[in-house]
Amino acid sequence: MEMFYHHFLPKQLQTTSLKIFSFILLSLLPFLLLNQNQKPIFLTLSIVIFISFFFKTYIIPSPPTIYLVDYSCLNPPNFWRVPFSLFLEHSKIVHSLDQESVDFMSKVLTASGQSQRTCIPPSLHYIPPRSTHEDAVNEARLVLFPVFEDLLSKTRLLPRDIDILIVNCSGFCPSPSLSSIVINNYSLRDDVKSFNISGMGCSASALAVDMAGNLLKVHENSNAVILSTEILSNGWYAGKNRSMMVLNCVFRSGGAAILITNKKSARNISKYKLLYSLRTQAAFDDKGYNSAILEEDSEGITGVTLRKDVLHVAGELLRSSFRIMGSSILPLEEKIRYGFSMFTKKFLNQSFEIYVPNFGKAIQHYCLPASGKAVIMEIAKNLKLKDEEIEAPLMTLHRFGNQSSSSLWYELAYMEAKGRVKEGDRVLQLGMGSGPKCNSLIWECNRPIMNEAHKGPWTDCIHKYVESLDVIFKRALKEIREVPTYIVKIWFKSSRCGTLTRLLQQRLDERPGEGWRSGYRRARRVDCPGRMHNYNFLPRQLHMTSLKMLPFILLALLATTLFLNPKQQPILLTLSIVVFFLLYLFKTFIISSSPTIYLVDYSCFKPPNYWRVPFSSFLEHSKIMHSLDQQTVDFLSRVLESSGQSEQTYLPPALHYIPPTSTHEEAVKEARLVLFPVFEDLLSKTRLSPRDIDILIVNCSGFCPSPSLSSIVVNNYSLRHDIKSFNISGMGCGASALAVHMAVDLLKVHENSNAVILSTEILSKDWYAGKDRTMMILNCVFRSGSAAVLITNKRSAKRNSKYRLLYALRTQGAFDDKGYGLVIREEDSEGFTGVTLRKDGRDAAHELLGSNFHIMGSLILPLQEKIRYGFSMFTKRFLNQSSEIYVPNFGKAIQHYCLPVPRKSVIMEIWKALKLKEEEMEAALMTLHRFGSQSSSSLWYELAYMEAKEKVKQGDRVLQLGMGSGPKCNSLIWECNRPIINEAHKGPWADSIHSYPVYI
């Protein structure tokens, strides 16, 4: 069930001011009701009071509170440990390094701040390291499964109770995706909303929490699990470039699983609640964009280069992020002092130093990026943090190394193991990654957290991280006024630190009249040190269910009052009923309904003619490149002829070379060549400025560079610093429909926003170079293409938009082993990576399609079709098992179909299963014939074909059906919003629409 919070009044009235106003009105109500000499004005005011309270309680509900129930961190086994000596010895042997390079790496290790107990996965302990696709998948299982199971054990959550699953891993995107691997292993539900985020760097975990928080604002009573890790096996740099070898020295194994929820029942058991989240990025700045970038060295080996100005870029981004954050969380005093210093420096004295606000007045604990000791110290310098405030990140770096985005949760676990986090304390989690991006989360401790020293990743070593005397002394002096006296005295007796004991005893003696009895009385009043109390005038029960009944009680009292004043009864009673009825209609039909999502326009990429690849050229190149025998060439020829595509399909320039240049650099160039033209064409069509884009989602299954594809777009077009950008990978041919579904959920949270979705598949990096026939099929079928889509929730777009969204549906079948193995990326016998298509999983794909249409039919089919289908099901089950189940006529609800176009045989199977007419599958067949299979973007080429043929009329419904590896089935149903004309001379079909349809 979905919900959306429409705000009829300005946002200022939805905060504390409105609550105070409501209580003032409520406090006046008893006086008005008890007044014996009632006048019309008083009775009218009574009605206003009731309406105001009803309006606040029911019309403007506050967004749901997001709770962090619990989390789990991986503690790698001891045999993963890599001491400095072992690391240097292996690196010297593997990379054939000279002594200067070994000394350089030794200096990096020593200066990094990590200890001898950090861990790397087993595959990297081999000589040479085993950086294969299979080893990377095995590492993902070794890292993700233990933390996921530990989280389920801690929270007593069943896998079937998970509604949203988000997996973030920057540099590894297998097929099926990491999220599908988890779904398959634990048999999650078929309607779980799963996402795979890549390329977002060390900030990905905080970004995933922010994304999950937005989704939980849309889906009521839901649980979201976030899995954060970095797979090192496939990201190991095997070259000799020193700037690229730094990450080999710093990055270490780790993973975290987090459960967040919006269920009110989790309020008392959850550790934290989310107060604030913020996302900023600086990819628009070239210096920041290039500060950390994945590229090839002079020998063609891929690695991440760290520029020298990375600390300067991080500092600038950090200041920008904290400036925005401070305006929301800092107390008024700090804001005034900061504003005054800014005014003084700008207008009075330019040499005046700008005041750095004391964030300690709003935040008690800090989880900082553990990228290295230098980064932590730079952040501490900018924020003027104390030594004890950076202890958690420094100790996490020392014990576990840099674990990318999951480090934030190891730091939080450290503070909990030390017993630092008290109820009411605020914790800042700050994630910074390539792009660059800065994502911040502020949590408030929701309950006392105790006995964590014997749990989690710090169990075997927390006792070794002893605080210095100075740190203990400072904390004790800070909290001594909040701790009951008798507890302090007991602690003194058990303390072995004489100097500290005497100093604290002296401080305690300065508190006259504080005997053990008064301390005991005060201990009964104080729940725990540092707790933030909420003083409620009413019992807690009245703040929940009973409080919602109060408007009806007030209505009864109002009726009683009117009864006592018979002369005014008819008018005022009628007025009350009319107003109440109008508010009910307003709530039911205007406020409660979800916002209308409009598809303003879209654009499809038309490759230039020199990208064209006729069958003869393709077969000749394949024969030369792969040294194929004639039988294999004949097999490829039959695949091409039966695929349904023509001689006019396209491949990127990198694959026209012999041999193909399947390098990282060429893949990035291809991404720019296919994404930038459609993005610019979309902006031109819609007259949209890049600065007006609020949400950007880029989906590409098999290629995840760093910075991500979304950062590449942000950098090239200088998009805003607060844009919400996402990079989705591993979701297959259903990714475009999935991205639209994700954008729709985000638009239900963010009002008056524009979302742009870019869909493509990068072929340069995914070209199969082996001789396995089953893996060579995708070389024959997949072709270049991309699409850019603009959707919005702005009411002003109603007239100009082409379509409006009616339904969005997602189902997946990864829980079934046959379906999971239908399309899978793996290595062949020679070690070449490719995608294997298996025949034994087709039944699972058919079941998934049937499940999707079964749910869809219950939403869109007319009653007559539902009755006929239900009657046939009843007959087959109870009367005649040999009777055939009636296939509903979806043509009564849907006029046009955009189907998956991997091959002609797949389209025909869907046509047969749904009993479609020939003209209903024309767009899919013609798109496959003209452009080949363009993965997820094919759906938009099909829609462009129907528009070019002027088949879509106002009021018609269009189904877009995306199916991808996993398997996943994502459906979108659009309704044409306006007449669509003169499209034949636009878009990708402009030069060929007159020659279609053709017979295949």
Side-chain angles (χ1 to χ4, degrees), residues 133 173 175 295-296 300 302 604-628 632-633 635-637 639-641 643 645-678 700-705 709 712 732-733 759-787 825 827-828 830-837 901-903 928 930-938 941 988:
H133 182 84
C173 43
S175 182
E295 58 187 357
E296 278 127 352
T302 305
C604 299
F605 177 61
K606 170 64 170 60
N609 288 331
Y610 67 88
W611 287 30
R612 192 170 66 88
V613 51
F615 290 174
S616 57
S617 300
F618 179 86
L619 294 173
E620 182 182 1
H621 282 214
S622 298
K623 184 177 181 179
I624 297 172
M625 289 184 294
H626 303 279
S627 303
L628 303 179
T632 305
V633 174
F635 168 77
L636 295 179
S637 179
V639 171
L640 287 170
E641 291 173 359
S643 66
Q645 60 181 304
S646 68
E647 307 266 349
Q648 299 291 324
T649 58
Y650 305 93
L651 286 175
L655 299 182
H656 287 257
Y657 291 92
I658 300 178
T661 54
S662 298
T663 63
H664 180 84
E665 181 181 3
E666 288 295 334
V668 173
K669 286 182 180 178
E670 181 188 346
R672 295 175 180 273
L673 289 173
V674 298
L675 292 179
F676 290 177
V678 289
C700 176
S701 288
F703 180 55
C704 42
L709 293 175
I712 291 175
C733 299
S759 299
T760 190
E761 202 62 65
I762 303 301
L763 304 182
S764 301
K765 197 69 175 175
D766 284 339
W767 189 258
Y768 174 62
K771 299 181 180 180
D772 190 305
R773 292 186 180 182
T774 59
M775 293 184 176
M776 297 177 72
I777 293 176
L778 290 194
N779 284 3
C780 300
V781 175
F782 273 102
R783 294 295 182 262
S784 292
S786 65
R825 186 188 302 274
E827 277 126 352
D828 62 11
E830 299 179 357
F832 293 104
T833 304
V835 176
T836 302
L837 302 177
V901 293
R903 298 174 65 185
L928 178 63
R930 176 64 184 85
F931 295 101
S933 175
Q934 298 157 309
S935 190
S936 62
S937 60
S938 293
Y941 287 79

4.5 Å side-chain heavy-atom contact, [X] and [Y]:
| X | Y | result |
| --- | --- | --- |
| Ile777 | Phe635 | yes |
| Phe618 | Thr649 | no |
| Met775 | Leu837 | no |
| Cys604 | Val678 | no |
| Phe676 | Ile712 | yes |

Of all the heavy-atom pairs spanning [X] and [Y], show the shortest one and how long it is.
| X | Y | answer |
| --- | --- | --- |
| Gln934 | Ser784 | NE2-O, 3.1 Å |
| Ser643 | Leu928 | O-CD2, 3.0 Å |
| Val781 | Gln645 | CA-NE2, 3.7 Å |
| Val633 | Leu619 | O-CD2, 3.9 Å |
| Ser938 | Gly932 | OG-O, 4.3 Å |
| Tyr650 | Asn609 | OH-OD1, 4.1 Å |

If we ignore hydrogens and angles and just use 3.5 Å, is the side chain of [X] paired with the main-chain N or O of [Y] as donor and acceptor?
| X | Y | result |
| --- | --- | --- |
| Arg825 | Thr833 | no |
| Arg612 | Glu647 | yes |
| His656 | Leu651 | yes |
| Ser786 | Val674 | yes |
| Glu761 | Ser701 | yes |
| Thr661 | Thr663 | no |

If you measure only the distance, is there a donor-acceptor pair under 3.5 Å linking the side chains of Ser764 and Glu670?
->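 Note: Ser764 and Glu670 side chains meet the donor-acceptor criterion.
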Spatial distance of atom [atom1] ([X]) from atom [atom2] ([Y]) [nearest 0.5 Å]:
| X | Y | atom1 | atom2 | value |
| --- | --- | --- | --- | --- |
| Tyr657 | Ser662 | OH | OG | 12.5 Å |
| Leu778 | Ser933 | CG | OG | 8.5 Å |
| Leu636 | Leu628 | CG | CG | 6.5 Å |
| Cys700 | Leu709 | SG | CG | 5.5 Å |
| Asp772 | Thr836 | CG | OG1 | 6.0 Å |
| Leu640 | Phe615 | CG | CZ | 5.0 Å |

Would Asp828 and Lys771 satisfy salt bridge (charged side-chain N to carboxylate O under 4.0 Å, His left out), going step by step from the backbone distance to the final call?
-> CA-CA 9 Å; Asp828 62 11; Lys771 299 181 180 180; over 6 Å; no
Aromatic Tyr941 / basic Arg783 pairing, under 6.0 angstrom, 45° off normal |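 Negative - Arg783 is either too far from the ring of Tyr941 or too far off its axis.
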Is the centre of the Phe703 ring less than 6.0 Å from the centre of the His664 ring?
-> yes
Trp767/Phe782 aromatic ring centres below 6.0 Å | no
